[in-house]
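Notes for the one structure printed next.
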Amino acid sequence: MATTDRGWVKPIDVSALPNRFEPEEAEPRWRAHWDELGIHRYDPSRPREETFVVDTPPPTASGSLHVGHVFSYTHQDLIVRYQRMRGRNIFYPMGWDDNGLPTERRVQNVFNVRSDPYMPFDPDLAVDRVDPKTKPRDLPRPTVISRRNFIDLCHIVTAEDEVAFKGLWEMLGLSVDWNEEYATIDHRSRAMAQRSFLDLYEKGHIYQVEAPTMWDVDFATAVAQAEVEDRERDGAFHDIEFATEEGGSFVISTTRPELLAACVGIAAHPDDERYKGLFGKLAISPIYRVPVPIFPTELADPEKGTGVLMVCTFGDQTDVQWWREEGLALRQVLGRDGLIVDRRYGDEGWESNDPELANVNYAEIVGKRVNQARRIVVEQLRDPANSAMAGGDAPLQGEPRPIKHAVRFFEKGDSPLEYLTSRQWFVRLMDKKDELIRMGRQIKWHPAHMGKRYENWTENLQLDWAISRQRYFGVQFPVWYRLDDQGNPIYESLIVATPEMLPMDPMSDTAPGFAESQRGQPGGFAGEPDVFDTWFTSSLTPQIGARWGEDGDKMDRLFPMDVRPQAHDIIRTWAFYTIAKSLLHHGDVPWRNVVLSGWILDPDRKKMSKSRGNVVTPTGMLEEYGADAVRYWAGSARLGADTAFDEQVFKVGKRLVTKIYNAGKFVLSQEGPEGEITNELDRAFIAELAVLVDRTTRAFDEFEYSRALEETETFFWSAFTDNYLELVKRRSRSEEDPEGRASAIATLRTGLNVLMRLFAPFVPTITDEVWSWAFAGETGHRSIHVADWPSSAEFATVPAPADAGSFALACDAITAVRKAKTDEGLGMGRPLTSLALSGTAEDLSALARVINDVRDSANASDIGVTEGDAGGERFAARIEAEVQAAD
RNA sequence: GGGCGGUUAGCUCAGUUGGUUAGAGCACCUGCCUUACAAGCAGGGGGUCGCAGGUUCGAGUCCUGCACCGCCCA
């Protein structure tokens, strides 16, 4: 026979395999093997069009590993593993975002230290870790250490975090190229951030200005619009009587009476009849008796409070606007530490009709925090002596009226933000909104509606990007200032570093043209002490990966990148700033696609968070269920969809792994003649497999891996194992039908081979395990992860079935038999002495092509068909079972 | 207040351009230790698709309004 002289398909030795698949044994073994084969390595010699580039998010090295990390990083890896099987040269780096406030905070807590930038470096400093069980109030006063010592400690804790993260990524089986590892505080990233600064500075996108800026008093640093969030807080309207210069009075409402000393104007709506007559005149404040201008503004809401309000420097963003537009005085009473600063009424800019009264009152709040000052001022307002005009009543009208209102906070802070004037660096973006939106539209967002969030944010942008921070563990500005004869910096006369100096620190590197001895001396130089906003560096992940401007610059091979995976809560920061940087540096988009993972919610549909104590540890999860099962869970969630944490799904994943293991063992232990796929049922099965391959490939190309998984899983479980395997079990061992047997075995192996590859991105360990038993040797691909992604072209040599519906017909027939057996309480393997199927003449005649497999899987000695009603189903079965011998 | 998303079985979710009787897994009930798999197999019950209108021969799907949940922004 033509089919038999080609050879014999040899079975694998099932007895050599463990009964159960043990992920804890197999996963480390496979990870080591992948490493050995180097299959995750990027090949810089291959051209751009063969390369798939990922702009991997560098996780914040915060010490806490979260199931959300596992979820979203798996999503990237699914896409990457698919692309690798498509033959793409993968660039998949990993960075650690260790620079910035979270690290500073951890260092402060772990070692109970604070940094003082002016303290000298102590090379022998040794500080101990605080016992984490110590209650905060039992801690001694923090040890004050130098900035350099502090940074050393930062490196110690982040190194530990990075080890923990790397361990998690490896356990999860991320196919990252570990040769492409970096940290946002390492030399390369610092040089890149400074290079970015120099380029933006040269192109005129960067400026420095003394201006009101949002300020966090606890961290004592400026913050950017993107880092701000509103929180609902209790507050109270205080109705306070002001006088007019003509002897009249009016009442304003304010939630911030403690800023009365910072009052520089009074405003009301231009159409407000009550106050129309006052515009252009002066008002007199109570307590301090300071004359301030009254002006009209469209921004005042006549319905709010009394319709007239006081403008302070600065209570909020509109105060800043009025201060600019109206050219008001600057009276800042709040210091950078959040305490009321000392001022003297009667001095220039602090004119008062009664300086003596003003100074007595003001002295009571100097050095106080905002809340203390508020209580004191409210008491002062109850005193008629503090009326705006001598002889008046108590300025406070009635009692404060409690309200709930939104207050702005730094997202990492605990005190409301203040607006303080300070010298800060900015990147000019307000004039580039249109271009930024255009960039956003050139990028494909997955899911698409996430692009709207980007546009929304960009359209509503109100401030340029404040990039300077008054912190320690960050990348320094590559800038010095010349000092004047008094030793004060001349901000207009800055010295910028040259590219070959990078990375550099202006606080320890000497400015070109000066000697280090001139640091801080009159006529000498001084370094810029600020550091960059961490986003200034992390918005450069594409450039860091591609080594922009360095030796070995690979921008032409890697940029724009293919995909940026990220979470949707940082569209306004990470995605936005990366697009902005890419626009300003290269005039191009940073990537073609953004894929956004959802969040993991706890079963109450709240975002899982550490503070709620509902966090499941990812390592525990991986140990209990295995990486494949955990990846299955992540893979079953659509992009962008927030997903409730459901442990059941891990169990389903684990079950799938077991099923793959057993199905693999079964298929590969079948032996028989080697031959072509000729049988009608087999051909029909292959035709359906080809459809599956096309559909999953399309889904993956659209980043819809969850659809690919769902379809593959359904096909595997129902078409392959439940039906096809059962239908051909007998034929694949038949002695009488070598051609049919060869066809069955070839089909079984083709089915398994293809399904393993379709599953490989999701469950990389079990699929490679099964692959290794036979297919690795047959194909020469030593790992399934570098095997070719299936294509329907692989089946081109298999003839199309006579009837595309043959496989479905056989499945329906066997289902009818099973139903009959179940109805009679018989086991599925129970032999039948007679089996009769009824259905339409058309179905029955089509069924004839595959009826032998149906008969065999029913374990019937004979099968008959009769035209007739099948009770709403395609077929109905009448059976007679063999009488079983009593035991 | 503006923008975006969601609401489908007890739970977690699919449902492609409108088209037979709305699907899956888990859970539940019944039967079966069947020569790959009891971590299995077979069968079954369970849904007014958030509410109210509209378009259409036909709506889970399109349109309008409303409610609730979530996120972003002000």
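In this text the structure is predicted, and so the values were computed from the model without any measurement. A note on names: the letters A, B, ... follow the listed sequences, proteins ahead of strands, and every chain is numbered from 1.
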Task: OP1 or OP2 of B:C41 under 4.0 Å from side-chain N/O of A:K659 - done: yes
Open item on the list: OP1 or OP2 of B:G43 versus the side-chain N and O atoms of A:K821: is any pair under 4.0 Å?
Closed with: no
Open item on the list: Tell me whether A:E418 is salt-bridged to A:R256, with the criterion being a basic N under 4.0 Å from an acidic carboxylate O.
Closed with: yes
TODO: Measure from CZ on A:R20 to C1' on B:A36 and round the result to the nearest Å.
DONE: 14 Å
TODO: Could you check whether A:T721 gets within reach of a base, just the sugar-phosphate, or nothing at all, counting any heavy atom under 4.0 Å?
DONE: base
- [ ] Using the P atom on both, measure B:C66 against B:A27 and round to a whole Å.
- [x] 42 Å
Open item on the list: I want to verify a distance call: between B:C71, B:C26, B:C13, whose nearest atom is closest to the A:V652 side chain?
Closed with: B:C26
Task: Residue closer to the 5' end of RNA chain B, A:E726 versus A:M450 (nearest nucleotide) - done: A:M450
Open item on the list: For a quick test of reading the model: is some side-chain N or O of A:R655 closer than 4.0 Å to OP1 or OP2 of B:C26?
Closed with: yes
Open item on the list: Quick one about A:D642 and A:H568 (side-chain donor to acceptor, distance below 3.5 Å, no hydrogens or angles considered), yes or no?
Closed with: yes
Open item on the list: If the cut-off is 4.0 Å, is A:W717 near the phosphate of B:G40, judged by side-chain N/O to OP1 or OP2?
Closed with: no
TODO: Please measure how far the P atom in B:U8 lies from the corresponding atom in B:G65, and state the result in whole Å.
DONE: 22 Å
Task: Nearest-Å distance for atom pair CG/P, residues A:D646 and B:U12 - done: 8 Å
- [ ] Give none if B:C26 has no partner; otherwise give the nucleotide forming a Watson-Crick or G-U wobble pair with it, both distances under 3.5 Å.
- [x] B:G10
Task: Opposite nucleotide pairing with B:G1, Watson-Crick or G-U, both atom distances under 3.5 Å - done: B:C73
TODO: For nucleotides B:G43 and B:U48, find the distance between their C1' atoms and express it as a whole number of Å.
DONE: 28 Å
- [ ] Starting at atom CG of A:L727, determine the distance to atom P of B:C41, rounded to an integer number of angstrom.
- [x] 16 Å
Task: Test item: side-chain donor near acceptor, A:S539 and A:W574, under 3.5 Å - done: no
TODO: Using the P atoms only, state how far B:G2 lies from B:G58, rounded to an integer number of Å.
DONE: 35 Å
Open item on the list: Check A:K665 with A:D13, please: is the shortest side-chain N to carboxylate O separation under 4.0 Å?
Closed with: no
Open item on the list: Strictly below 4.0 Å, N to O, side chains only: are A:R453 and A:E455 in salt-bridge contact?
Closed with: no
Open item on the list: With rounding to the closest Å, how many angstrom separate the C1' atoms on B:C62 and B:C49?
Closed with: 16 Å
- [ ] Mind calculating the distance between CG (A:D722) and C1' (B:U34) to the nearest angstrom?
- [x] 14 Å
TODO: Provide, to the nearest angstrom, the distance between the CG atom belonging to A:N662 and the P atom belonging to B:C37.
DONE: 7 Å
Task: Distance in angstrom units between A:W633 CH2 and B:C11 C1', rounded - done: 17 Å
- [ ] Please figure out whether A:K654 or A:W457 has its closest RNA chain B nucleotide nearer the 5' end.
- [x] A:K654
- [ ] For B:C33, give its Watson-Crick or G-U wobble partner with both distances under 3.5 Å, or none.
- [x] none
- [ ] Identify whether any heavy atom of A:L725 sits under 4.0 Å from a base atom; if not, whether one sits that close to sugar-phosphate; answer base, sugar-phosphate or nothing.
- [x] base
Task: Which nucleotide in B:A39, B:C13, B:A42 has an atom nearest any side-chain atom of A:M828 - done: B:A42
Open item on the list: Can you check the distance between B:C51 and B:G60, where both ends of the measurement are the P atom (answer in whole Å)?
Closed with: 11 Å
- [ ] Classify the side-chain pair A:Q321/A:E325 by whether it contains a donor and acceptor separated by less than 3.5 Å.
- [x] yes
Open item on the list: Under 4.0 Å, counting only non-hydrogen atoms across every strand here, what does A:R695 touch: a base, just sugar-phosphate, or nothing?
Closed with: base
Open item on the list: Using whole Å, what does the distance between atom P of nucleotide B:A42 and atom CZ of A:R818 come to?
Closed with: 5 Å
Task: Distance between C1' atoms of B:A39 and B:G25 (Å, rounded) - done: 16 Å
TODO: For B:C68 and B:C63, measure between their P atoms and round to the nearest Å.
DONE: 22 Å
Open item on the list: Run the salt bridge (Lys or Arg N to Asp or Glu O under 4.0 Å) test on A:E726 and A:K729 for me, step by step, so that the C-alpha distance in whole Å, both residues' side-chain angles and the decisive distance to 0.1 Å come before the verdict.
Closed with: CA-CA 5 Å; A:E726 297 300 333; A:K729 232 175 211 176; 3.3 Å; yes
TODO: Mind checking A:R733 for me? I need base, sugar-phosphate or nothing, with any heavy atom below 4.0 Å counting as a touch.
DONE: sugar-phosphate
TODO: Could you check how far CZ of A:R453 sits from P of B:C4, rounded to whole Å?
DONE: 11 Å
